[in-house]
Amino acid sequence: MAFPQSVRLVEVGPRDGLQNEPTPIDTATKLELIDRLGSAGITHIEAASFVSPKWVPQMADHREVMAGLKRRPGVTYAALTPNLRGLEAALESGVDEVAVFGAASETFSQKNINCSIAESLERFAPVIETAQAAKVPVRGYVSCTLGCPYEGEIAPEKVADVSRTLFEMGCYEISLGDTVGVGTPLKAKRMLECVAGQVPLEKLAAHFHDTYGQALANLYAVLEEGIAVIDSSVAGLGGCPYAKGAAGNVASEDVIYLLNGLGIASGIDLDKLAETGRWITETIGRPNRSKVGVALGAR
Ligand SMILES: CC(C)(COP(=O)([O-])OP(=O)([O-])OC[C@H]1O[C@@H](n2cnc3c(N)ncnc32)[C@H](O)[C@@H]1OP(=O)([O-])[O-])[C@@H](O)C(=O)NCCC(=O)NCCSC(=O)C[C@@](C)(O)CC(=O)[O-]
């Protein structure tokens with residue numbers, strides 16, 4: 001395979017990036033972040049998560065976030081919906097797209113959504129059907145594709161199995177999560193090859209965390225295989241509440257710098273994005289984990 005000509009960036013900072021923050025972040029800050037990301041040219045933003053506020057308190061203002069969006073034409077505002085209750089609330093809030101999130105690890109599934117993989121798929125079936133009836137596209141996440149914080153190694157065949165099931169159930173795209181950021185390039189390539197044997201490559205996305213500093217190298221490996229959708233988080237914000245020690249997603253700024261160097265189009269203004277990364281990290285008092293963002297800020 002060859003590199004894709006263009007990549008669609010799915011910005012998950014307002015959701016994955018903020019969901020694990022220990023101190024409350026006000027809705028106005030989340031809304032300004034989303035607006036700035038849109039102004040930098042990002043066309044796909046995961047804005048909220050309709051999960052239980054007992055499980056993830058930081059996402060409790062999902063309705064207020066959706067209601068307060070300054071919607072930009074051409075931008076998709078998406079949200080996570082783990083069950084029918086979350087979906088119904090998301091649809092009432094006018095969401096453009098929803099996502100169900102499963103795992104390739106039984107233990108992670110239990111810790112994250114309190115059910116087995118099989119039970120999660122049963123739970124997602126009516127979510128997908130109802131969303132489709134409302135003409136709202138559904139994305140499917142698979143966590144722990146390159147390793148699990150509880151079980152260690154995960155067989156690529158297991159990842160392929162869950163991915164195929166979600167795809168056949170009606171998810172239009174499957175996002176492959178290296179939830180704990182333990183992957184390395186060859187492993188990422190092999191996992192992708194295995195999954196692409198079951199789900200068309202153009203329906204797959206890479207969602208890599210950067211705990212071990214391998215995320216950009218892993219992305220390069222899967223870009224070479226033709227992956228054309230990448231999830232990332234501005235300033236590398238984030239971490240999963242149910243994957244202790246996991247760092248944030250690969251930083252969006254670093255991904256765009258890599259893509260620019262490869263001549264792969266993204267339509268994103270790197271300077272505006274980097275400025276947004278510096279603004280949000282200063283506002284919430286977090287280190288900026290984008291090397292590109294820090295370097296551009298120092299010029
Ligand atoms: C799925 C559940 C709800 C099951 O949780 P449960 O306890 O099994 O379900 P339940 O039906 O018994 O509900 C428990 C409580 O939550 C309420 N509840 C139930 N559903 C909702 C809802 N939709 N919205 C608001 N409230 C809800 C429900 O009413 C009840 O409240 P109580 O009666 O105790 O007062 C729970 O486990 C949960 O919310 N988990 C979310 C975990 C999460 O958000 N994790 C982070 C996102 S995944 C991720 O980051 C990975 C990803 C996607 O980025 C990819 C990667 O990197 O790998």
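Heavy-atom basis, side chains included; hydrogens, waters and symmetry copies ignored. Note that the numbering runs from 1 along the sequence shown for the chain. Counting starts at 1 for both ligands and their atoms, in listed order.
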- Task: Output, in order, the C-alpha distance, side-chain angles, deciding distance and verdict of salt bridge (charged side-chain N to carboxylate O under 4.0 Å, His left out) for D61 and K30.
- Result: CA-CA 10 Å; D61 60 349; K30 294 178 184 175; 2.8 Å; yes

- Part of T81 within contact of ligand 1 (heavy atoms, under 4.0 Å): neither

- Given K54, E46, H207, which one has a non-hydrogen atom that is nearest to atom 34 (O) of ligand 1? K54

- Item | Other residues, nucleotides, ligands: >12 heavy atoms within 6.0 Å of Y212 OH | no

- Message: Closer than 4.0 Å and a protein heavy atom, does any atom meet both conditions relative to atom 30 (C) of ligand 1?
- Response: no

- Donor-acceptor contact present, side-chain S93 to main-chain R63, <3.5 Å: no

- Query: Among F50, F108, W55, which one has a heavy atom closest to atom 7 (O) of ligand 1?
  - Reply: W55

- Query: Would one find an N or O of G86, backbone or side chain, under 3.5 Å from an N or O of ligand 1?
  - Reply: yes

- Item | Geometric cation-pi criterion R123 and F101, 6.0 Å radius, 45° cone | no

- Query: Has ligand 1 got any nitrogen or oxygen that is less than 3.5 angstrom from a nitrogen or oxygen of S143?
  - Reply: yes

- Item | Residue portion contacting ligand 1 (non-hydrogen atoms closer than 4.0 Å) for T179 | both

- Query: Does NZ or CZ of K203 come closer than 6.0 Å to the centre of the six-membered ring of F167, within 45° of the ring's axis?
  - Reply: no

- Message: Below 3.5 Å, N or O to N or O, backbone or side chain included: is there any such pair between N114 and ligand 1?
- Response: yes

- Message: For a 4.5 angstrom cut-off between non-hydrogen side-chain atoms, does I34 reach E11?
- Response: no

- Message: With respect to F101, determine whether any N or O atom, backbone or side chain, lies less than 3.5 Å from an N or O atom of ligand 1.
- Response: no

- Query: Can you check whether H209 has an N/O within less than 3.5 Å of an N/O in ligand 1?
  - Reply: yes

- Message: For T184 and Q214, which I'm curious about, is there any donor-acceptor pair between the side chains at under 3.5 Å?
- Response: no

- Heavy-atom proximity to atom 21 (C) of ligand 1, picking from T145, D178, V127, N83, points to N83

- Option of least heavy-atom distance to atom 42 (C) of ligand 1 (set: N112, V142, V51): N112

- The answer for which part of V56 has a heavy atom under 4.0 Å from ligand 1 is side chain

- Message: How about CZ on R71, more than 12 heavy atoms from neighbouring residues, nucleotides or ligands closer than 6.0 Å, or not?
- Response: yes

- Query: Which is closest to atom 27 (C) of ligand 1 in terms of heavy atoms, R85, K111, M59, R15?
  - Reply: R85

- Can you confirm whether something in the protein, heavy atoms only, sits under 4.0 Å from atom 10 (P) of ligand 1? no

- Query: For atom 16 (O) of ligand 1, which candidate among G17, S52, S175 holds the nearest heavy atom?
  - Reply: S52

- Does at least one non-hydrogen atom of P53 fall below 4.0 angstrom from an atom of ligand 1? yes

- Message: Taking 4.0 Å as the limit for heavy-atom contacts, which would you say applies to R123 with ligand 1: side chain only, backbone only, both, or neither?
- Response: side chain

- Using a 4.5 Å cut-off on heavy atoms from C-beta on, say whether the side chain of L201 contacts that of L192. yes

- With a 4.0 Å cut-off on heavy atoms, is H62 touching ligand 1? no

- Message: Which label fits F50 and H62: parallel for a plane angle under 30°, tilted from 30 to 60°, or perpendicular past 60°?
- Response: parallel

